[in-house]
> 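Encoded as structure tokens, here's the structure I'll be asking about.
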Amino acid sequence: MAQHDENVVWHDHPVTREARERQHGHQGAVLWFTGLSGSGKSTVAGALEQALHRLGVSTYLLDGDNVRHGLCRDLGFSDADRKENIRRVGEVAKLMVDAGLVVLTAFISPHRAERQMVRDMLPAGRFIEVFVDTPLAICEARDPKGLYRKARAGELKNFTGIDAVYEAPSEAEIHLNGEQPVRELEAEMLMQLSARHIIRS
């Protein structure tokens, strides 16, 4: 990991996160959706972003596949590259929270240490871990990208849930039952965000 040059200095700016949040009318926060491939992370995050947009909330959705087309296109899928992928996403999410946005992320992020790394980047209370808890059998039956089929056939190595570990959150702020309909999960998320004063009721 590259070290900071001593000539690179952090600059505080007169427009603060608090000022941006007042302008937006809500707090900035990261909603970190985690779960197995096929658990429904991207689907729920996408539905929630649409609902928040309709409510006038300023949002941005960081999708696992999308960031690998640009920000993380130089990374592979080794353990080191996966960790760096999450670190970069965390840094981008941190900037977006500073801009006063509600940031939704949809990443498997299988290791607790990596999710904790992102949590530690953010102000207290601004990282909300959302565990989309869906049994492996259901995720595998859905298999929207055909990845489980490839993993079972030996065509895809080190695949989370098959031959690579997924460390489920032990104390996620929000625990969703991934077997429930998307609209119910969307409604539960809106209720949780209101209760946490991220958005207005």
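Nothing fancy with the numbering, it's 1 onward along the sequence.
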> With a sphere of 6.0 Å drawn around CZ of R73, does it hold more than 12 non-hydrogen atoms of other residues, nucleotides or ligands?
no
> Give a yes or no on whether the backbone of A99 and the side-chain of H24 come within a donor-acceptor separation of less than 3.5 Å.
yes
> How many angstroms lie between atom CD of E91 and atom CE of M117, to the nearest 0.5 angstrom?
8.5 Å
> Indicate yes or no for a side-chain donor-acceptor contact from H53 to the backbone of T59 under 3.5 Å, with no hydrogens or angles considered.
no
> Shortest non-hydrogen contact from A106 to S42?
CB-OG, 3.6 Å
> Examine M96 and V57 and state if one hydrophobic cluster contains both, with Ile, Leu, Val, Met, Phe, Trp and Tyr joined whenever side-chain heavy atoms are less than 4.5 Å apart.
no
> Looking only at heavy atoms, which two atoms of L36 and G161 are closest? And how far apart?
CD2-CA, 4.1 Å
> Looking only at atom types and distance, does a side-chain atom of R82 sit under 3.5 Å from a main-chain N or O of S109, one as donor and one as acceptor?
no
> Under a 4.0 Å N-O cut-off, is there an ion pair linking R88 with D74?
yes
> For the backbone of G28 and the side chain of E21, can you confirm whether one donor and one acceptor N or O come within less than 3.5 Å of each other?
yes
> To the nearest 0.5 Å, tell me how far T43 OG1 sits from L185 CG.
10.0 Å
> Please step through side chain to side chain contact (heavy atoms under 4.5 Å, CB included) for the pair L55 and L190, ending with a clear verdict.
CA-CA 10 Å; L55 293 172; L190 290 173; 4.0 Å; yes
> Ignoring hydrogens, what is the shortest heavy-atom contact between K41 and F33? Give both atom names and the distance.
CD-O, 3.8 Å
> Apply the side chain to side chain contact (heavy atoms under 4.5 Å, CB included) test between V103 and each candidate in V30, V89, L122; give the one that qualifies.
V30
> Donor-acceptor pairs under 3.5 Å, side chain of residues 169-177 to any protein atom, not counting sequence neighbours: which ones?
unit_1	atom_1	unit_2	atom_2	d
E173	OE1	R119	NH2	3.2
E173	OE1	E129	N	2.9
E173	OE2	R119	NH1	2.7
E173	OE2	R119	NH2	3.4
H175	NE2	D133	OD2	2.8
N177	OD1	E179	N	3.0

> Before accepting this row, confirm whether a basic side-chain N of the pair R152/E140 lies closer than 4.0 Å to the acidic partner's carboxylate O.
yes
> Looking only at atom types and distance, does a side-chain atom of D163 sit under 3.5 Å from a main-chain N or O of F159, one as donor and one as acceptor?
yes
> Under a 3.5 Å distance rule, please check whether K150 uses its side chain to pair with a backbone N or O of L156 as donor and acceptor.
no
> To the nearest 0.5 Å, tell me how far S78 OG sits from N85 CG.
10.5 Å
> Can a cation-pi geometry be assigned to R115 and F127, taking NZ or CZ under 6.0 Å from the six-membered ring centre and within 45° of the ring axis?
no
> Strictly distance-based, threshold 3.5 Å: is any side-chain N or O of D143 a donor or acceptor partner for the main-chain N or O of L147?
yes
> Kindly work out whether a path of hydrophobic side-chain contacts (I/L/V/M/F/W/Y, heavy atoms less than 4.5 Å apart) joins F107 to L75.
no
> Under a 4.0 Å N-O cut-off, is there an ion pair linking E186 with R183?
yes
> Looking at S37, is its backbone amide N or carbonyl O close enough to the side chain of Y148 to form a donor-acceptor pair, meaning the two atoms are under 3.5 Å apart?
yes
> Give the cluster check for F131 versus V182: same hydrophobic cluster or not, with ILVMFWY residues linked at side-chain heavy-atom distances below 4.5 Å.
no
> When you check the gap from the basic side-chain N to the acidic O, do E18 and R22 get nearer than 4.0 Å?
no
> Find the distance between CG (L71) and CG (L62) and round it off to the nearest 0.5 Å.
8.5 Å
> Should V130 and L104 be marked as a side chain to side chain contact (heavy atoms under 4.5 Å, CB included) after you check the CA-CA gap, both sets of side-chain angles, and the distance that decides it?
CA-CA 10 Å; V130 184; L104 303 93; over 6 Å; no
> Between atom OG1 of T160 and atom CG of N158, what is the distance when rounded to the nearest 0.5 Å?
7.0 Å
> I'd like to know whether R20 forms a side chain to side chain contact (heavy atoms under 4.5 Å, CB included) with L101, so could you lay out the CA-CA distance, the side-chain angles of the two residues, the decisive distance to 0.1 Å, and finally the verdict.
CA-CA 9 Å; R20 296 185 188 102; L101 305 183; over 6 Å; no
> Could you check whether any side-chain N or O of R17 sits under 3.5 Å from a backbone N or O of V97, counting only pairs where one atom can act as donor and the other as acceptor?
no
> Which atoms form the tightest heavy-atom contact between Y166 and I108, and what is the distance?
CE1-O, 3.5 Å
> Determine the minimum heavy-atom distance between H26 and I198, stating which atoms define it.
CB-O, 3.2 Å
> Can you tell me if E167 uses its side chain to pair, donor with acceptor, with the backbone of R112 under 3.5 Å?
yes
> Can you tell me how far OG1 of T134 sits from CZ of R142, rounded to the nearest 0.5 angstrom?
5.0 Å
> Grouping I, L, V, M, F, W and Y whenever their side-chain heavy atoms are under 4.5 Å apart, do L52 and L61 come out in a common cluster?
yes
> Counting C-beta onward and ignoring hydrogens, is there a side-chain heavy-atom pair between R87 and M121 closer than 4.5 Å?
yes
> Should we say atom CD of E155 is surrounded by more than 12 heavy atoms from elsewhere, each under 6.0 Å from it?
yes
> Indicate the atoms forming the closest heavy-atom contact of G154 with K157, along with that distance.
O-CE, 3.5 Å
> What about V132 and M191, same hydrophobic cluster or not, with Ile/Leu/Val/Met/Phe/Trp/Tyr joined at side-chain heavy-atom distances under 4.5 Å?
no
